[in-house]
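Okay, here's the structure, questions in a sec.
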Number of protein chains: 2
Amino acid sequence: MDVDTRLLRYFRAVAEEGTLTKAATRLYLSQPALTKQIRQLEDQLGATLFERSKSGMALTGPGAALAESIDAVLDAWDRAERAVRTAESEASKVLRIGFLASAANEKTQPIIAAFRERRPDWRVELRQASWGAPAAALASGEVEAAFMRVPFPNQEDFHLLELLTEPRCVAMAANHALTQEQTFAFAALLDEPFIAAPAATGAFRDHWIGAEARGGHPVKIGAITEQPDDWLTAIANGDGIALAPESAARYYARPDIAYRPVTGVAASTVALAWPRTGRPTAALTDFITAATRTADR
Amino acid sequence: MDVDTRLLRYFRAVAEEGTLTKAATRLYLSQPALTKQIRQLEDQLGATLFERSKSGMALTGPGAALAESIDAVLDAWDRAERAVRTAESEASKVLRIGFLASAANEKTQPIIAAFRERRPDWRVELRQASWGAPAAALASGEVEAAFMRVPFPNQEDFHLLELLTEPRCVAMAANHALTQEQTFAFAALLDEPFIAAPAATGAFRDHWIGAEARGGHPVKIGAITEQPDDWLTAIANGDGIALAPESAARYYARPDIAYRPVTGVAASTVALAWPRTGRPTAALTDFITAATRTADR
DNA sequence: CACATCCATAACCGCAGGTTATCGATGCAT
DNA sequence: ATGCATCGATAACCTGCGGTTATGGATGTG
């Protein structure tokens, strides 16, 4: 029998969320569509996968069996995809590098230049990744390495090479009352609404709402964003304030946004990340070397 | 990225056959449909998988990378599917057993009876398998075990328990000139057209055209069939003659078909087959025990 | 008792995946 | 040299599937 891996992901979402409705919103899908798909999966397999009740969907025996075996399928496919994309990169002499927001700041260009010196016939393609699923492009091999801010979800699946560390500052609307102050203690901002990353990003989200400096003090979420532009707009809009790397003041300067230094919160580190599975290609190795040299300077 | 496993099988077929046209016929698909699908796979992956030429499709680097990783994906899915079906069988107390044509002849019922004695609350469901892909239902877990005639393709992936051996005879149209004779030497039939199984069935097909008794003498194919009914019709129709187990004369007696003893060709053995991967369920173990006892009698 | 929540159903729409028919290019055999 | 077979690409068309919105019915819950 054949399946679309999409169906498997649907199934996994329902199994994890426990209700069709929640899974549907998480998948950006309408609930009836999910109902149909799950039912179809059950029909094709000739098995009842969920026990329906008024309080949600509970896995049956066969459902649990599927849930256990699904990851192996999806992982195998991810590996296959990565293998193809890597080979394609090799064939067309293009190294695809992902980045979030400002990549490695002022070091980005020197790294690329150093790489180009070693491989003049290659091109480096930079691709922006959504921070809604920062490691997705890496896992599927869409990019071979990425400039990431640590921590990020599933970080343990990747090699990391730290490139730079910079203090964090706070970003707020230019007309915000707090812009009166020239500098802040983070502790004074605990009750401000924050612009946050999606909950699914786990440690990444926590880091950028300053969870480690809150001592359990709950956070108020002003908005949830997945892209630099959405993020800037939300801040300018006054939906809340946000922690940002100091370099944001250079790379994302706007008249409607003010950046202020903040104390009492850890710095932010940018690292180059690449998958642990498989061996890096020769070209990627050269890129890593280039990055290492530049980091040492 | 998501794929349908069907697409992967398409790709594999093209990679193996080397031309779209051949792959399309093997897949029972029109050539333009395949063209489209392969192109789409390439688009989705952003890679050229084949080098097109006037003499066919040759794998590129990325194509070869995919070809290598595909089996892992499909195997993982087969395992997942089997796990679900097994669990479903357990949950609904139904043991699904596949068979080709007459199953294990007169032993079928005693085996099932012996199983039912041990598990009165269970049902045994017999499902006919196409001999076009005799092991497919077994591999995907659609049935948990099957009565098979050995040899069959991918036989090495299964445990086998031999149940009975019977001589083979020759089947022909009732109005065939050869029905004059009462018994045959197989050597006298080498130039007769034979009704055969699809080429993809390998050793199975060879066995039933008596390849091992031909000493390299080529076979003339009168028709290719995948089902007992097609097979009987083709024989009755005079498209050719066929080797058959002796029991066919009992289980497939028809006025328009004559069965005659034949010498000089090996006997046929029926075995119970079940997958090597994974541990058989308790119910299946009981069934195997029942079969063992009955075979010993 | 009103309401929120959850899944199922119905009606609808666009597109993907299949079909047949046909074409142009190439290589092989007469 | 010419004619035929074979290969992949393209076009036009049809059906069904995967999604949508709107709505219903059942079951807890303030």
Side-chain angles (χ1 to χ4, degrees), chain A residues 1-60 62-64 66-67 70 73-74 77 81 199, chain B residues 1-60 62-64 66-67 70 74 77 199:
Chain A
M1 198 198 88
D2 286 311
V3 238
D4 197 314
T5 52
R6 187 174 33 89
L7 250 187
L8 299 183
R9 293 185 216 276
Y10 285 4
F11 169 82
R12 189 164 63 177
V14 176
E16 283 172 11
E17 295 289 345
T19 94
L20 279 177
T21 317
K22 275 183 212 148
T25 53
R26 168 170 144 192
L27 295 166
Y28 302 102
L29 207 66
S30 73
Q31 167 259 314
L34 244 194
T35 300
K36 245 199 221 174
Q37 294 299 310
I38 296 293
R39 181 174 293 285
Q40 174 184 325
L41 184 60
E42 289 182 321
D43 286 350
Q44 285 182 359
L45 287 168
T48 309
L49 299 174
F50 292 100
E51 191 83 37
R52 271 84 166 166
S53 81
K54 292 301 158 184
S55 61
M57 314 268 290
L59 283 172
T60 61
L66 181 59
I70 260 189
V73 182
L74 295 176
W77 170 238
E81 195 182 349
Chain B
M1 196 199 89
D2 286 311
V3 240
D4 197 315
T5 52
R6 188 173 35 89
L7 250 186
L8 300 182
R9 294 185 215 277
Y10 286 3
F11 168 83
R12 189 164 64 179
V14 176
E16 284 172 10
E17 296 288 345
T19 94
L20 279 176
T21 318
K22 276 183 213 149
T25 53
R26 168 168 143 191
L27 294 166
Y28 302 103
L29 207 64
S30 73
Q31 168 258 316
L34 242 194
T35 301
K36 242 198 225 175
Q37 293 299 309
I38 295 294
R39 182 175 291 286
Q40 174 185 325
L41 184 60
E42 288 182 321
D43 286 350
Q44 285 182 0
L45 287 168
T48 309
L49 300 174
F50 293 100
E51 192 85 37
R52 273 83 165 166
S53 81
K54 292 300 161 186
S55 61
M57 315 267 289
L59 283 173
T60 62
L66 181 58
I70 260 189
L74 295 177
W77 170 238

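Proteins come first, then strands; the chains are lettered A, B, ... in the order of their sequence lines, and each starts at number 1.
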Establish, with yes or no, whether the OP1 or OP2 oxygen of C:dA16 is under 4.0 angstrom from a side-chain nitrogen or oxygen of B:Q40. no
Euclidean distance, atom CD of residue B:E17 to atom P of D:dG8 [Å, nearest integer]: 11 Å
B:W77/A:M1 under side chain to side chain contact (heavy atoms under 4.5 Å, CB included): CA gap, chis, key distance, verdict: CA-CA 9 Å; B:W77 170 238; A:M1 198 198 88; 3.5 Å; yes
Interatomic distance where CD belongs to B:Q44 and P belongs to C:dA16 [whole Å]: 10 Å
Residues A:R52, A:E42: salt bridge by 4.0 Å N-O rule: yes
If you compare every side-chain N and O of B:R52 against the phosphate oxygens of D:dA9 (OP1, OP2), does one of them come in below 4.0 Å? yes
Can you sort out which residues in residues 19-39 of chain B have a heavy atom within less than 4.0 Å of DNA chain D? Ascending by number, please. B:T19, B:L20, B:T21, B:K22, B:Q31, B:P32, B:T35, B:R39
Taking all non-hydrogen atoms of both residues, which atom of B:T19 and which atom of B:S55 are closest, and how far apart? CG2-O, 4.4 Å
Does atom CD of B:E51 have more than 12 heavy-atom neighbours, drawn from other residues, nucleotides or ligands, at distances under 6.0 Å? no
What verdict does the side chain to side chain contact (heavy atoms under 4.5 Å, CB included) test give for B:Y10 and B:L41, after you've listed the backbone C-alpha separation in whole Å, the side-chain angles of each residue and the deciding distance to 0.1 Å? CA-CA 10 Å; B:Y10 286 3; B:L41 184 60; over 6 Å; no
For A:L20 and A:F50, run side chain to side chain contact (heavy atoms under 4.5 Å, CB included): C-alpha distance rounded to whole Å, both residues' side-chain angles, the deciding distance at 0.1 Å, then the answer. CA-CA 11 Å; A:L20 279 177; A:F50 292 100; over 6 Å; no
In residues 2-15 of chain A, what residues come within less than 4.0 Å of DNA chain C, judged by heavy atoms? none
Distance check needed: C:dA8 C1' versus A:F50 CZ, whole Å only. 16 Å
Would you find more than 12 non-hydrogen atoms of other residues, nucleotides or ligands less than 6.0 Å from B:E16 atom CD? yes
Reference residue B:T5; test side chain to side chain donor-acceptor pair (under 3.5 Å); the match among A:D4, A:T5, A:D2: A:D2
